[in-house]
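Residue numbers start from 1 in every chain, and the chains themselves are labelled A, B, ... in the order their sequence lines are given, proteins ahead of strands.
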There are 2 protein chains.
Amino acid sequence: MSDSTIYEVARLAGVSIATVSRALRGTGPVSAATREKVLRAVEELRFTPSRLGVSLAEGRHAANGIVFPDLSGPYFGEVLLGYEEVAAELGRSVLILSARDRAGVPETVKDLATRVDGLVVFGQTLPDALLTELAGSGLPMVMLAREAHPGTEAVRSENADSAEALAVHLIAHGHRAFALAGGHDEGDVSQRWTAVARTLGRHGIAAPRPVECPYTVEGGYEAGLELLGSGPDVVMCADDQVALGVILAAEELGLSVPGDVAVTGWDDIMAARHSRPALTTVRQPLRELGAAAARLLDELIAGAEPTDTTRVLATDLVIRASCGVHPVHPPEEP
Amino acid sequence: MSDSTIYEVARLAGVSIATVSRALRGTGPVSAATREKVLRAVEELRFTPSRLGVSLAEGRHAANGIVFPDLSGPYFGEVLLGYEEVAAELGRSVLILSARDRAGVPETVKDLATRVDGLVVFGQTLPDALLTELAGSGLPMVMLAREAHPGTEAVRSENADSAEALAVHLIAHGHRAFALAGGHDEGDVSQRWTAVARTLGRHGIAAPRPVECPYTVEGGYEAGLELLGSGPDVVMCADDQVALGVILAAEELGLSVPGDVAVTGWDDIMAARHSRPALTTVRQPLRELGAAAARLLDELIAGAEPTDTTRVLATDLVIRASCGVHPVHPPEEP
DNA sequence: CTCTGGGCTGTAAGCGCTTCCACTGCCCGT
DNA sequence: ACGGGCAGTGGAAGCGCTTACAGCCCAGAG
C-alpha cells in the first residue's frame with residue numbers, strides 16, 4: 001500500500017506532524033481552524049495512519065491471535081466466528097494460525113506472539129512447555145476447550161455432567177453393550193469418557209476402552225467398521241463427525257441405526273440435525289465459547305492477573321432419533 | 001509480551017545490534033565466534049525479534065488479510081482453511097475480518113489494509129467504491145467467488161456450466177415446474193440462475209423468479225414455506241443450507257422429498273451428504289478456492305501486475321437422492 | 001617492508017507514529 | 001500595567017529493527 005505518511009499530511013496542512021496526530025486522535029488541544037486544515041489534507045491524501053507506526057509508538061498491537069489444530073469441519077469455524085465478532089467489537093484485529101505442520105510450530109507461534117497483544121490457544125494444540133514459556137513471558141493467554149494452564153484463563157463447555165446424562169439416557173433405552181469411538185487423549189473428550197465410565201460402572205456395566213480415530217467422518221467410518229463387528233448396542237462418539245462416519249459404516253455393514261445399533265455424537269454441528277437418522281448429541285455453545293475467550297483475553301490484556309481459572313459453559317443434551325426411537329418426537333424449530 | 005529487545009541481546013553478547021541482526025538473519029559476514037556468542041545470548045534471553053520493528057524496517061508485513069461477509073456455516077471456514085494453509089507455507093500470517101456491521105466497515109477495512117501486504121475479499125462483501133480505492137492505493141487484492149474488480153485478480157468456481165448440467169439433469173427427471181430459492185444479487189448465484197433460465201428456456205419451460213432469502217437453513221425454511229405452496233416439481237437452491245431448510249419446510253408441510261418435490265443445493269457441504277434425503281448438489285472446491293487466492297495474492301505482492309483476470313475452478317455435479325430416485329445409486333466412498 | 005583488499009564490526013540513518021516538553025501568544029485577574 | 005495560566009503549536013526523543021556506510025585489522029601481494 002503506497003500510502004501517504006503523516007509527514008505529507010503535515011506539510012500539506014502546513015502544520016507539524018504532532019499537530020496532525022493530535023487532530024486525528026483528539027488528544028490534546030487543536031484549534032478548530034487547524035483541525036479543519038488537517039482534515040482537509042487527510043481527505044485529499046486519503047491518509048490512514050500506518051498501523052505499524054501507531055503500534056510501535058503505542059506499544060500495543062490492537063490485535064490478538066488464535067491458534068487451532070489442523071482439524072477442519074464446522075467446529076472451529078463456529079468458534080472462530082464468535083471470537084472474531086467480539087474481538088472486532090473490542091477494536092482488535094484477529095490473526096489466525098493453524099498449527100498443522102508440527103515442525104515449525106514453536107517458531108511460528110512465537111512470531112505470532114510478537115504480532116499480538118494476546119493469544120487464544122485451542123485444546124492441546126501446543127506443547128505444555130511452549131505454553132509455559134509464552135505465559136512466562138507475560139503474554140496474556142486464554143485456553144479454549146481445556147483446563148487452564150498456569151498463567152492463563154480458560155473456557156470450555158461442560159463435559160462430565162452432560163456425558164453422564166447422555167449415558168443415563170442410553171441406559172434407559174435399554175442399551176447395555178457400549179462402544180466408544182474417538183481417542184481419549186484430548187482434555188475435553190477424556191473428561192467425557194471418564195464420566196461415561198463412572199456412570200456405566202454405577203449400573204454394573206463394564207466401560208469399554210475408546211477406539212482411537214481422527215475426529216473426521218472418515219475416521220469415524222474406519223472406527224465404525226472395527227467397532228461394529230463386536231455387535232454393540234450403542235456407539236458413543238467423540239464428536240458428530242465421528243458419529244456420522246459410524247453411521248455410514250453401519251449402513252455399509254447392513255445395520256440399521258438406531259434399530260440394530262444406536263449412535264450418539266457431540267457438538268451438534270449442522271449436519272447432526274439433518275443426518276439420517278438425526279443425531280442425538282450434546283450441543284456445545286460454539287460461538288459463545290469463542291466470544292467468552294475474546295472477552296477474557298481482553299481483560300487480561302487490560303491488565304487483569306491470570307487466575308488459572310477454567311470457565312465452564314453449559315451444554316444441552318439434544319435427543320434425536322439416532323439413540324433409539326422415542327414415543328413422542330416433537331419437531332425442532334427451524 | 002515483555003520480550004527482550006535486540007539491544008539487550010547485543011549488550012549481553014558484547015556486540016552491536018547490527019551484528020546481532022546479521023547473525024540472526026544470515027545477512028552479511030559474521031565470524032563463527034561472534035555468531036556463537038549471539039546465539040547464546042538469544043537463547044538465554046529467549047529473544048524473538050519484534051515483528052513490528054522488523055516490518056517497519058523491512059517495509060513489509062509478511063501478513064495478508066481476508067475479509068468475508070457475516071455468513072457463518074461451513075463454506076467460509078473451509079475456504080479460510082485452504083487460504084491459511086497456503087499463506088502459512090508462504091511465510092505469511094493471516095488476518096481475518098468479518099464485515100458484519102455495515103457501519104464501520106470502510107474504516108475497519110482501511111485499518112486492516114495497513115496491517116497487511118495484500119487482501120483477499122469475498123464476493124460482494126465490500127462496496128465497489130471501496131474496492132476501487134483500495135486497489136487504486138496499490139494494495140494487492142484478490143477477489144473470491146466473483147469476477148475480478150479492476151486492479152485485482154479473482155478466483156471463483158465454475159457456475160454456468162454446472163448450473164446448466166444440473167438443470168438438464170432435473171429436466172431429464174421429468175421435472176417441469178421449477179422454483180428457485182435464494183436471491184440473485186450476488187455475483188456467483190446470479191450466474192447460476194441465468195444459466196438455469198437459459199436452459200429452461202431452451203426446453204420451453206418458463207424460468208421462475210428466484211425467491212430471496214438469507215443463505216441459512218432458517219432462510220431456506222421460510223422460503224420453502226412460501227415456495228412450496230405453489231406446488232413446484234423441484235426447488236433449486238442457492239446453496240446447501242437453503243436446500244436443507246427447504247427440505248425441513250417440505251417435511252413440515254407433509255411433502256415427501258423427492259417424492260412430491262425434488263430439492264437441490266450447491267456447495268456440497270458436509271451436511272449435504274448426510275442429510276435425509278442426501279442432497280443433490282454441486283461440489284465447489286472450497287479449500288482450493290482459498291489456496292488459489294493465497295497463491296495469486298502472493299504473486300501480486302511479489303510484484304506481478306494485476307490483470308483483472310478471473311480464474312475459474314471446476315466443480316462437480318453430485319447426484320444424490322434429493323433430486324429424484326435413480327435406478328442405481330452406488331454408495332459413496334466414506 | 002609497505003600497500004591493498006577482504007573480512008568483520010560498529011555507527012547511524014531511517015521506517016511512521018505518539019507524546020513529553022518547551023515555547024509563544026493572549027486573556028484575565030489584580 | 002503586569003504576571004500567571006493556558007490554549008495551541010513545534011521540536012525531538014523514542015518504539016525495535018534493518019542496512020547502507022565507514023572503519024578497523026590482518027593476511028597476502030609486490
Between V121(A) and the options L97(A), V109(A), L131(A), the side chain to side chain contact (heavy atoms under 4.5 Å, CB included) test singles out L131(A)

Nearest non-hydrogen partners of L313(A) and P285(A), listed with the distance: CB-CG, 3.9 Å

Crowded around E44(A) CD? As in, over 12 foreign heavy atoms under 6.0 Å? no

Contact pattern, 5' to 3', of nucleotides 11-21 of chain C - B, S or - by protein heavy atom under 4.0 Å: B--BBBBBBB-

Test side chain to side chain contact (heavy atoms under 4.5 Å, CB included) on L52(A) and L52(B); report intermediate values, then the result. CA-CA 6 Å; L52(A) 238 36; L52(B) 238 36; 3.8 Å; yes

In whole angstrom, what separates L24(B)'s CG from dT19(D)'s C1'? 15 Å

Applying a 4.0 Å non-hydrogen cut-off, can you work out what S55(B) is touching in the nucleic acid: base, sugar-phosphate, or nothing? nothing

Which residue pairs pass the salt bridge (Lys or Arg N to Asp or Glu O under 4.0 Å) test with at least one member in residues 290-308 of chain A, sequence neighbours excluded? R92(A)-D298(A)

